[in-house]
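Following: one structure in structure tokens, then a few remarks.
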Amino acid sequence: MTPVPESHYLIFSLILFSAGIFGALTRRNALGVLIALELMLNAVALNFVIFSRTAPEGSASGQVSAFFIIALAAAGAAAGLAIVLAVYRSRKSIQTDDTNLLKW
Amino acid sequence: MLELIAVKGIYILMVFAAAAAFASSLLPNLFHGALALAAVLLAVAGLYLSLGAEFLAMVQILVYVGAVMTLVIYAVMLTGRLEETVTPSGRIQRAAAGVSCAIFFVLVCGVLLSTNWPAAPGGNPLPSVKDLGIDLMKRHVFPFEVLGILLFAVLIGALAAARREKS
Amino acid sequence: MSTLQSLAHFKTEIILLIGAFITLFSDSPKGSRFLAGTAALLTLTLAGVAAFTEASQQSLQLFGGFFTLDGATRFFRFGMILAAAASVLLGMTRGAIALSFFAESTALMLFLTFGLIVLCASGHFLTLLLAVEMVSLLSYLMTGFSPQNTRAREAALKYLLLGSFCSAFMLYGISLLFGLTGSLDFDSVRAAVQDGGQRTAAAASLLFILTGAGFKLSLFPFHFWAPDVYEAAPSPVAAYLTVAPKAAACAILIRLFSEVFPSMQTFGAEVLQTLCILTLLAASLLALAQTRVRRLIAYSSMAQAGYLLMGLSLFSREGLQAAFFYLAAYGAANLGVFAALTALSQRGTQDHLEDLTGAAWRNPFAAGCLTVFLLSLAGLPPLAGFLGKFWIFAAALKEGEVFLVVTAALTSMIGIFYYFKILRTLYFSDPLIALCAAPTPLPLRILLILLASAVTAAGLFPSWLLRAAESALR
């Protein structure tokens, strides 16, 4: 067992996740939102690692799942930055309020 | 004694990472925000070590801090206009976002604490890197291959989407 | 089943992948769409044949339970292949998508089809999350495949930011499920959720996962991306995105509730029906306010997703069968709408509703097909949409969901109103416009004939489609 109880780790990862939500909701720059999304995904990967210590028979599959999440986050970052660059090319701005994000 | 120092170290790491996480969401300068994210990622790599996941700690540093962060910082520099300006309507939005985040945090925290997470007695054995590799290539070979296809397809798509058009 | 044995049952998907690589590299230097388009169509034909002639019909667990090959997978796989073929045909029309993006977008459409099939078939949360991410990331990127169209890129950015935000919640929910059960396999998760006392945590993770599915179905609070994406994305991409990911989301919802959370069906039904009512009302009212055709179609397809969800949320055999039937009818009609709009649109227009004024006299063939598709979407007899809607309502009444049926009937009424708004513009006579006739290119003509006859045939002779829908439930 780890010296620190599992629940403390879980709450820490929830703090990371919530900080990510806050950033994603408030950032006006698309890159800022992407940074916040990375935080959220990191919290998910951390959750898998935490549970890999305790969940019955989950030790290897927990770490493997975290590995998949990290790879997905990298793919997501690549796709996100490509789109951000494409928008920047045609608008010279990546402020989300310039791109009328909430129009219906 | 050694255990006590380890426990203190882990908590210090957590507090540091949480502060950096909020900094990366709050700092008005995006470049500073990106650097704060790098700090969070490094601290989380440290937590992976404390949980006995050395391989993941290494992957985290190589893939995240090494590759993804470089990419993010590169894009931040490329697109310029680093400072965020907070408008009055933005302040209301921030407050609303803060309140909803707090509600979300309390709700999920309640769920996390009230749940009796099943635990193997004495904790799980730590898998070695060799175990992980075998697991990845044997039991998880199908998702691994799908991941390969995903990365390839996304790479092609990203190249095409970011391509400069000859007009 | 072990990996090597599984490969024998994985022919369709392997053909799709090989074909995707070939299509990617058959970008012809002379700037014609023929080579890449033919490669993709050939691939899809081969994959369709492989799927259709498959020897065994029993349910198989491939790759150690990661891929479930059962009736539902077979039904959705075949549907995805057909929808992809229709979108490729649509893309081969001049003006539907920029030439410089054609080979990439066609190849990515094949990759996307692969991802969607894996999503429909997932028997493990790792497959589920990988497939969801593959489908999402490719959809974001393909939305932006439009040079000199700032709106398309902005739509892609909006889609990406909102989509990644929702899928992060889904991933968090999956991580909680892993903590509850120590496994991500559907069977072991079900066992743990069923006998464990951890209802709160299981319900929380279910809600997180529904966020992801709701986003893909563009249900009410998660719909903000849909009108922008469907309006600005290149036509073949938009057509495919309105149909295939929604079908996959339906498939995975059914799978989740039948294979992972059967113990939480009552809770799930309440959540889904609330979402369904909100979506139906919001979509119908917002559709009334639209002045751009493709935005209107976006809201209409959001409402259609509401009817589908209504059938699914009953969790009864009749409800599911009706929903599958309706899904097929909706898919054909919606692909047809995008194809007909491509045929009717003129260069330089912004897809405003008034740009279609009198279009029926300019191109009576395409306008006639568009009429068939819109009437089917509106749910008028004798077309397929009518039967599907009728059966969904009947199934809901049988389960005693009167409020749901009344809301849905009301929104169908509003639906008839806004579909007729398009039709009225279409047939509004204007002698000046009537002079310049515009012919429909051959691939588009074939596509329109096929889709219109499918919609009509399924309405007049529904038994073959019903039998297919029934086989999906086995």
Side-chain angles (χ1 to χ4, degrees), chain A residues 6 10 13-14 17 20-21 24-25 27 30 33-34 36-41 43-52 54-59 61-62 64-66 68-69 71-73 75-80 82-91 94 96 98-104, chain C residues 124-126 129-130 132-134 136-141 143-165 167-185 188 192 223-228 282 286 289-290 295 299:
Chain A
E6 182 191 23
L10 283 178
S13 97
L14 181 62
F17 195 77
I21 298 176
L25 290 177
R27 282 287 189 193
V33 183
L34 284 181
L37 290 172
E38 295 296 324
L39 270 182
M40 294 170 78
L41 288 181
V44 174
L46 181 58
N47 259 359
F48 275 112
V49 179
I50 299 165
F51 288 131
S52 81
T54 54
E57 293 164 42
S59 75
S61 57
V64 166
S65 309
F68 278 115
I69 301 284
L72 282 183
I83 292 177
V84 164
L85 277 187
V87 170
Y88 181 73
R89 282 234 180 82
S90 48
R91 286 196 64 107
I94 49 169
T96 47
D98 292 348
T99 52
N100 35 42
L101 265 182
L102 282 177
K103 191 181 73 172
W104 48 269
Chain C
H124 191 284
F125 277 104
L126 265 185
L129 68 90
L130 282 168
V132 166
E133 287 294 316
M134 180 162 179
S136 318
L137 292 175
L138 290 181
S139 329
Y140 311 149
L141 289 165
T143 303
F145 276 8
S146 184
Q148 282 112 32
N149 184 350
T150 315
R151 295 176 73 94
R153 291 174 172 186
E154 279 178 13
L157 183 61
K158 181 172 179 175
Y159 196 9
L160 171 99
L161 296 180
L162 293 174
S164 315
F165 187 63
S167 68
F169 280 95
M170 190 185 79
L171 297 182
Y172 194 81
I174 293 177
S175 79
L176 291 187
L177 268 188
F178 177 71
L180 276 181
T181 60
S183 165
L184 286 173
D185 194 64
S188 12
H223 69 278
F224 288 100
W225 56 276
D228 291 287
L286 289 171
Q290 302 305 321
R295 279 187 100 79
Y299 282 108

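Proteins get letters first, then strands, A, B, ... in listed order; numbering begins at 1 in each.
Comparing A/Leu41, A/Val44, A/Leu25, A/Leu34 by how many heavy-atom pairs each has under 4.5 Å with chain C, the most go to A/Val44. Annotation: maximal heavy-atom pairing with chain C below 4.5 Å, among A/Leu10, A/Ile50, A/Ile21, occurs at A/Ile21. Contact tally against chain C (heavy-atom pairs below 4.5 Å) for A/Gly62, A/Ala24, A/Ala82: the top residue is A/Gly62.
The part of A/Ile69 that comes within reach of chain C is its side chain, from C-beta onward, which places non-hydrogen atoms under 4.5 angstrom from that chain. In this structure, chain A has a heavy atom under 4.5 Å from the side chain of C/Leu126, while its backbone stays farther away. At a 4.5 Å heavy-atom cutoff, the contact between C/Leu129 and chain A is made by backbone and side-chain atoms alike. Only the side chain of C/Leu184 comes within contact range of chain A, judged by heavy atoms closer than 4.5 Å. Neither the backbone nor the side chain of A/Ala66 comes within contact range of chain C; no heavy atoms are under 4.5 Å apart. Only the side chain of A/Phe68 comes within contact range of chain C, with heavy atoms under 4.5 Å apart. With a threshold of 4.5 angstrom between heavy atoms, C/Phe169 approaches chain A through its backbone and through its side chain.
For C/Ser175, the side-chain hydrogen bond (donor to acceptor under 3.5 Å, both in side chains) partners at least two apart in sequence or on another chain are A/Asn47. Not counting sequence neighbours, the partners of C/Ser188 by the side-chain hydrogen bond (donor to acceptor under 3.5 Å, both in side chains) test are C/Ser183.
Going from atom NE2 of C/His223 over to atom CG of C/Asp228 covers 10.0 Å, rounded to the nearest 0.5 Å. Taking CG of C/Leu160 as the reference point, atom OG1 of C/Thr143 lies at 10.0 Å (rounded to 0.5 Å). Atom CG of residue C/Leu171 and atom CD of residue C/Glu133 lie 5.5 Å apart, to the nearest 0.5 angstrom.
Relative ring orientation between C/Trp225 and C/Tyr159 is described as parallel, the plane-to-plane angle staying below 30° on a 0-90° scale split at 30° and 60°.
Pairing each heavy atom of A/Ser61 with each of C/Gly182, the nearest pair is OG-O, 4.3 Å.
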